[in-house]
Amino acid sequence: MSVRVRIAPSPTGNLHMGTARTAVFNWLFARRHGGRFLLRIEDTDRERSRQAFTDSILTGLRWLGLDWDEEIVFQSRRSRDHQEAIATLLASGQAYRCYATEAELHAMREAQQAARQAPRYDNRHRHLSPRQVAAFRKEGRHAVVRFRIEDGQEILWQDMVRGPMRWQGADLGGDMVIARRAPADQIGEPLYNLAVVVDDMAMGITHVIRGEDHIANTAKQILLYNALGAPQPSFAHTPLILNKEGRKLSKRDGVTSIADFQALGYTAAAVSNYMCLLGWSPPKKLGERFGLGDAAAVFGFDRVNKAGARFDWDKLNWLNSQVLHAMDGATLRDALLPRWRQAGLDTNQPQAWQERLSALLGPSLVVLEDGVEQARPFLGTPELDDASRAQLQVEGCQAALGYVLQHRPRTFEMSAAKALLTAAAQAAGVRKGVVMKGVRAALLGCLQGPDLLLSWELLHGAGEDGPRLRSALG
RNA sequence: GCCCCCAUCGUCUAGAGGCCUAGGACACCUCCCUUUCACGGAGGCGGCAGGGGUUCGAAUCCCCUUGGGGGUACCA
């Protein structure tokens, strides 16, 4: 049977790290086995679901390169199937209506808590007599639908990450609600566990790959598969991504949405690479810098860790810088251009010139956004910083700059420029370092940056070196 | 509270009983390259949570302790 997996985010927030990493694992597994990677939007929580979040999820997945294979399934459009399944369970007696009011359930939980017991539904309406039911209905009570969960049973599955798993029915909290409260002659909106199982069945999902936080759901869902007469899929519960404090990464941890990373100037290559590294260890031959395609060729759950993995900015930064350093000028320029525009920098230079600038800046970038500040001295007239101003006041610096300006050749030539700096130092009677720093200050307005001669050459090409040297004098 | 899961350098990890004097990567430190900042290169620091077993032999298997995490919805 061919592999079919899915990622099933709910559009109640932007695509974030945890979901994306789960998507990565699903995608890798599908590609590794020549299977299909599907997408289902779980938008049954009407209160919290937003179209904008659906868009964010699709955009994010595409950006990462996680292409899905079939039409997107929207859970909200599958309510007929859900209702049918619930009706089936109701008809077979595996589910029943519970008329307990919220107040009654609340009181029940209070009592349990007071007695230091685990909160759970006490199955009080599991065996209602027809008379009791009639009484509740006459009262006008609404009802939820509950699925029977026998306390005595044991639920077993072989987890692709964790090995043999075992769960006691008694630890599942009593008969579970599968349909929201509704008038007693109707079936309310389906709840998560029911909808997931029905949809996974309909979509022919063979392997459910999701975060460790779903383990308890898996036990409940296996019961539903059985009740609905469907074979249960394989399960893989991946370790969670943890924040700095070692807790499950959540939206409250600041930068966690994929769009945030993109905005900061992280590349899809680095982000997807890093997500693979959180919890999965690639075989040695792959190294640790690789594309999704390379990873897909060797991916397996045998090398997925069980313990949660802390998110580490340093490592992501390093990966991203590696990606950026390896980019050629043309690619980098295309990536940088929108950011330059956004920052209001002068982008009127010829494309080739911008590409050379990008190539010059490349090795010092960690994120694309760094390319804005670092390009600033080249694009538009720079403001001299304090250190530069001070440098221009250094004994002999002005004389040296004057000499440089005077003897500046029409066409820039590397060795000639180098010789000119030496000559200027001699003429002004200062060390060469003074001249180099002085020229740098005059040209770029700051004392640090890429290679001086290459920077100069670039500015010369833009016709900027003369004016800048001149304005630094005087 | 109850249930479940997990545990190797600061972080991500390799490790399937002898190949381990525990390997790699990031971070950190030093040096080299460079008359700047980076890049790059070469070194260095640093770990099997603790205690019991099993075994000729344990980071690896078992138990306990401790620590951490997840779950406990008419959310997904």
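Given the structure is predicted, the values throughout are model-derived calculations rather than measurements. Just so it is clear: chains get the letters A, B, ... in the order the sequence lines come, proteins before strands, and each one is counted from 1.
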Rounded interatomic separation in angstrom, taking [atom1] from [X] and [atom2] from [N]:
{"X": "A:N305", "N": "B:rA7", "atom1": "CG", "atom2": "P", "value": "8 Å"}
{"X": "A:F147", "N": "B:rA73", "atom1": "CZ", "atom2": "P", "value": "17 Å"}
{"X": "A:F301", "N": "B:rA16", "atom1": "CZ", "atom2": "C1'", "value": "20 Å"}
{"X": "A:K306", "N": "B:rC4", "atom1": "NZ", "atom2": "C1'", "value": "15 Å"}
{"X": "A:L443", "N": "B:rU36", "atom1": "CG", "atom2": "P", "value": "17 Å"}
{"X": "A:K432", "N": "B:rU34", "atom1": "NZ", "atom2": "P", "value": "12 Å"}
{"X": "A:R162", "N": "B:rA7", "atom1": "CZ", "atom2": "C1'", "value": "12 Å"}
{"X": "A:E189", "N": "B:rA76", "atom1": "CD", "atom2": "C1'", "value": "14 Å"}

Could you work out the separation of [N] and [M] based on their [atom1] atoms and round it to a whole Å?
{"N": "B:rG71", "M": "B:rU13", "atom1": "C1'", "answer": "27 Å"}
{"N": "B:rC29", "M": "B:rG18", "atom1": "C1'", "answer": "36 Å"}
{"N": "B:rA7", "M": "B:rC45", "atom1": "C1'", "answer": "24 Å"}
{"N": "B:rA49", "M": "B:rU8", "atom1": "C1'", "answer": "10 Å"}
{"N": "B:rU11", "M": "B:rG50", "atom1": "C1'", "answer": "23 Å"}
{"N": "B:rC33", "M": "B:rA38", "atom1": "C1'", "answer": "12 Å"}
{"N": "B:rG15", "M": "B:rC61", "atom1": "P", "answer": "12 Å"}

Do the side-chain N and O atoms of A:S10 and A:R48 include a donor-acceptor pair separated by under 3.5 angstrom?
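The criterion, which ignores hydrogens and geometry beyond distance, is not satisfied for A:R48 and A:S10.
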Trace of the salt bridge (charged side-chain N to carboxylate O under 4.0 Å, His left out) decision for A:R137 with A:D185
CA-CA 9 Å; A:R137 292 200 174 209; A:D185 58 342; 6.0 Å; no
Whether [Y] and [X] form a salt bridge (side-chain N of Lys/Arg under 4.0 Å from carboxylate O of Asp/Glu) is what I want to check.
{"X": "A:E212", "Y": "A:R162", "value": "yes"}
{"X": "A:E373", "Y": "A:R339", "value": "no"}
{"X": "A:R247", "Y": "A:E245", "value": "no"}

Choose from [options] the nucleotide whose nearest atom is closest to any side-chain atom of [X].
{"X": "A:D45", "options": "B:rU13, B:rG71, B:rC75", "answer": "B:rC75"}
{"X": "A:L278", "options": "B:rA76, B:rG40, B:rC12", "answer": "B:rC12"}
{"X": "A:H214", "options": "B:rA76, B:rG71, B:rC4", "answer": "B:rA76"}
{"X": "A:L191", "options": "B:rC39, B:rC75, B:rC37", "answer": "B:rC75"}
{"X": "A:R116", "options": "B:rA76, B:rG70, B:rG1", "answer": "B:rG1"}
{"X": "A:A309", "options": "B:rU13, B:rU35, B:rU36", "answer": "B:rU13"}
{"X": "A:A216", "options": "B:rG71, B:rC2, B:rA76", "answer": "B:rG71"}

Go ahead and name the base partner of [N]; Watson-Crick or wobble counts if both distances stay under 3.5 Å, otherwise write none.
{"N": "B:rU72", "value": "B:rG1"}
{"N": "B:rC28", "value": "B:rG44"}
{"N": "B:rC19", "value": "none"}
{"N": "B:rA59", "value": "none"}
{"N": "B:rG67", "value": "B:rC6"}

Name the nucleic acid region contacted by [X], choosing base, sugar-phosphate or nothing; use a 4.0 angstrom heavy-atom cut-off, strictly under.
{"X": "A:L240", "answer": "sugar-phosphate"}
{"X": "A:V177", "answer": "sugar-phosphate"}
{"X": "A:T12", "answer": "nothing"}
{"X": "A:P239", "answer": "nothing"}
{"X": "A:G362", "answer": "nothing"}
{"X": "A:R303", "answer": "sugar-phosphate"}
{"X": "A:A115", "answer": "nothing"}
{"X": "A:N317", "answer": "nothing"}
{"X": "A:R48", "answer": "base"}
{"X": "A:L447", "answer": "base"}
{"X": "A:T44", "answer": "sugar-phosphate"}
{"X": "A:H237", "answer": "nothing"}

5'-most contact on RNA chain B: A:N193 or A:L365, nearest heavy atom basis?
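Nearest nucleotide further toward 5': that of A:L365.
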Would A:L292 and A:M275 satisfy side chain to side chain contact (heavy atoms under 4.5 Å, CB included), going step by step from the backbone distance to the final call?
CA-CA 10 Å; A:L292 285 176; A:M275 286 190 297; over 6 Å; no
Output a table of nitrogen or oxygen pairs between the protein and nucleotides 61-68 of chain B separated by less than 3.5 Å.
none

Have a look at A:D175 and tell me which of A:R126, A:R124, A:R97 forms a salt bridge (charged side-chain N to carboxylate O under 4.0 Å, His left out) with it.
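With A:D175 as partner, salt bridge (charged side-chain N to carboxylate O under 4.0 Å, His left out) holds for just one option, A:R126.
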Output yes when a side-chain donor or acceptor of A:N273 lies under 3.5 Å from a complementary backbone atom of A:A269, and no otherwise.
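Looks like no, no N/O pair under 3.5 Å.
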Look at the aromatic rings of A:F29 and A:F299 and report parallel, tilted or perpendicular, splitting at 30° and 60°.
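The rings of A:F29 and A:F299 stand perpendicular, inter-plane angle above 60°.
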Measuring only between side-chain heavy atoms, which start at C-beta, is A:I72 closer than 4.5 Å to A:L58?
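Side chain of A:I72 against side chain of A:L58, heavy atoms only: contact under 4.5 Å found.
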Is there a salt bridge (charged side-chain N to carboxylate O under 4.0 Å, His left out) between A:D465 and A:R468? Walk through the geometry before answering.
CA-CA 5 Å; A:D465 59 337; A:R468 290 187 187 192; over 6 Å; no
Is B:rC56 syn or anti, taking syn as a glycosidic angle within 90° of 0?
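Classified anti.
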Listing time: all N or O pairs from protein to nucleotides 26-33 of chain B that are below 3.5 Å?
from   : atom 1 : to     : atom 2 : distance (Å)
B:rC26 : O2'    : A:D314 : O      : 3.3
B:rC26 : O2'    : A:K315 : N      : 3.3

Using the six-membered base ring of B:rG40, report whether A:H325 stacks on it, requiring centroids under 5.5 Å and planes under 30° apart.
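Stacking between A:H325 and B:rG40: absent.
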Taking only residues two or more places apart in sequence, or in another chain, which ones meet A:D151 in a side-chain hydrogen bond (donor to acceptor under 3.5 Å, both in side chains)?
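A:D151 satisfies side-chain hydrogen bond (donor to acceptor under 3.5 Å, both in side chains) with A:R120 once adjacent residues are dropped.
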Residue of the set A:W280, A:F290, A:F311 for which ring-ring contact (aromatic ring centres under 6.0 Å, His included) holds with A:Y274:
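Among the candidates, only A:F311 passes.
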